[in-house]
Amino acid sequence: METVAVIDFETTGLSPGQGDRATEIAAVILKDGEIIGRYQSLMNTGAWVPAFIESLTGITNEMLRSAPPASLVMQEVADFVGDYPLVAHNASFDSKFWDAEMARIDRTRRQEFVCSLLLSRRIFPQAPSHKLSALIEYANLPVAGRYHRALADAEMAASLLQRLAHELREQHKVNTVSVDLLSRIQRAPKSQLTKCIAHAQAV
DNA sequence: TGCCAGGCCCTCTTTAGGGCCTT
């Protein structure tokens, strides 16, 4: 698989369209099955963190007061990931925040997002749940740290992606797992996984 | 101090509703 950047946001809520902002970002660079780079930072947007979110993530308003400004952090993380394809667990969530925070610093995403949640639903349809923590347990992958902290979640999403690629190679006899193939699989109707893989292999 | 969204997918569906996921 090509080199990718697996990212994870912690935020004040679910929707940037409703005023929610990022509180923490992490990105890990995954190359040839190894994490070769890590970026992690809290970020101060001035937005208030509700008590429920403080409890969920452990990221408090107090912690964010001394965090670097979001504009600086987003510049750094954008430079860190470059043009590598981005991967996130439930990418529809992280892509919204990525695009919203990038727009605030007048930068535009050029690469696509791959979603490990959608891929898991295709490749591990039998898993009891497709939330990140359940998939880590289901696949016997190491817990990298506290759930709902950006770097731990990004590292676990990266190991899950590796496991999904392994499953494609071993169970579905895929010779080369590419970002393009993953992109096709996550968009394919659930019932047509085998057909989708066969078609991609034949091209 | 603390409200909230939206895409995917299944089914008791398709002129809809609701659970799953993300914080």
Side-chain angles (χ1 to χ4, degrees), chain A residues 5-28 40-65 67 70 73-74 77 86-104 109 112-139 141 143-161 163-164 182-196:
Chain A
V6 185
I7 71 153
D8 186 74
F9 273 108
E10 303 306 318
T11 71
T12 63
L14 295 173
S15 176
Q18 298 292 315
D20 290 319
R21 297 294 305 273
T23 57
E24 185 181 44
I25 176 91
V28 300
Q40 176 275 327
S41 183
L42 294 171
M43 65 179 93
N44 186 357
T45 65
W48 178 257
V49 184
F52 166 68
I53 302 289
E54 284 192 333
S55 170
L56 178 73
T57 65
I59 298 170
T60 65
N61 287 288
E62 171 72 27
M63 289 162 69
L64 295 180
R65 268 198 284 277
V73 173
M74 293 309 297
V77 73
L86 297 172
V87 180
H89 197 69
N90 198 8
S92 70
F93 173 85
D94 290 278
S95 63
K96 277 189 305 185
F97 279 94
W98 182 273
D99 291 347
E101 295 294 347
M102 286 297 165
R104 290 174 177 271
R109 172 167 57 91
E112 65 179 316
F113 261 94
V114 170
C115 179
S116 57
L117 169 63
L118 295 181
L119 289 170
S120 298
R121 284 178 175 161
R122 299 293 186 283
I123 297 167
F124 289 142
Q126 71 280 21
S129 161
H130 295 90
K131 62 182 178 186
L132 183 61
S133 58
L135 287 163
I136 292 301
E137 184 176 352
Y138 175 78
L141 295 168
V143 176
R146 177 183 172 147
Y147 283 108
H148 295 299
R149 283 304 298 263
L151 184 59
D153 281 2
E155 289 191 8
M156 288 188 280
S159 67
L160 174 60
L161 182 71
R163 184 70 168 73
L164 292 168
L182 296 178
S183 195
R184 288 166 190 265
I185 289 172
Q186 71 182 21
R187 289 195 313 265
K190 202 171 184 179
S191 59
Q192 293 182 22
L193 175 64
T194 304
K195 189 176 172 185
C196 172

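Chain A is the first sequence line, chain B the second, and so forth, proteins listed ahead of strands; every chain is numbered from 1.
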Contact list for DNA chain B against residues 148-157 of chain A - heavy-atom distance below 4.0 Å = His148(A), Asp153(A)
What integer distance in Å separates Ile7(A):CD1 from dT23(B):C1'?
-> 13 Å
Would you call His89(A) and Asp8(A) a side-chain contact if the rule is heavy atoms closer than 4.5 Å?
-> no
Rounded to whole Å, CH2 of Trp98(A) lies from C1' of dT23(B) at a distance of 17 Å
What is the distance from CG of Leu132(A) to P of dC20(B), rounded to the nearest Å?
-> 17 Å
C1' gap between dT23(B) and dG2(B), integer Å = 14 Å
Using the P atoms only, state how far dG18(B) lies from dT14(B), rounded to an integer number of Å.
-> 13 Å
Side chain Asp94(A), main chain Phe9(A), donor-acceptor under 3.5 Å = yes
Give a yes or no answer on whether the side chain of Glu101(A) reaches the backbone of Ala22(A) with a donor-acceptor pair at less than 3.5 Å.
-> yes
With sequence neighbours left out, the residues meeting side-chain hydrogen bond (donor to acceptor under 3.5 Å, both in side chains) with Thr60(A) are none
To the nearest angstrom, the CG-P distance between Asp8(A) and dC21(B) comes to 16 Å
Scan Phe9(A) against the nucleic acid and name what it touches under 4.0 Å (heavy atoms): base, sugar-phosphate only, or nothing.
-> sugar-phosphate
If the P atom of dC3(B) is compared with that of dC9(B), how far apart are they to the nearest Å?
-> 31 Å
Checking side-chain hydrogen bond (donor to acceptor under 3.5 Å, both in side chains) for the pair Ser159(A)/Arg163(A): CA distance, chi angles, key distance, verdict?
-> CA-CA 6 Å; Ser159(A) 67; Arg163(A) 184 70 168 73; over 6 Å; no
Can you tell me the distance, in whole Å, between the OH atom of Tyr147(A) and the C1' atom of dT23(B)?
-> 16 Å
Which part of the nucleic acid, if any, lies within reach of Thr23(A) when heavy atoms closer than 4.0 Å are counted: base, sugar-phosphate only, or nothing?
-> nothing
Polar side-chain atom of Ser55(A) near backbone of Ala51(A) as donor-acceptor pair, under 3.5 Å | no
Close side-chain approach of Tyr147(A) and Arg149(A), heavy atoms under 4.5 Å = no
Donor-acceptor under 3.5 Å (Ser15(A) side chain, Gly17(A) main chain) = yes
Check whether any side-chain N or O of Gln186(A) sits under 3.5 Å from a backbone N or O of Cys115(A) as a donor-acceptor pair, and report yes or no.
-> yes
Distance check: side-chain N/O of His130(A) vs OP1/OP2 of dC20(B), anything under 4.0 Å?
-> no
Sugar-phosphate or base contact per nucleotide [nucleotides 1-11 of chain B; S, B, -; heavy atom under 4.0 Å] = BB-BB--SSS-
Mind checking the C1' distance from dC4(B) to dC12(B)? Whole angstroms is fine.
-> 30 Å
dG19(B) and dT13(B), which share atom name P, separated by this distance in whole Å | 16 Å
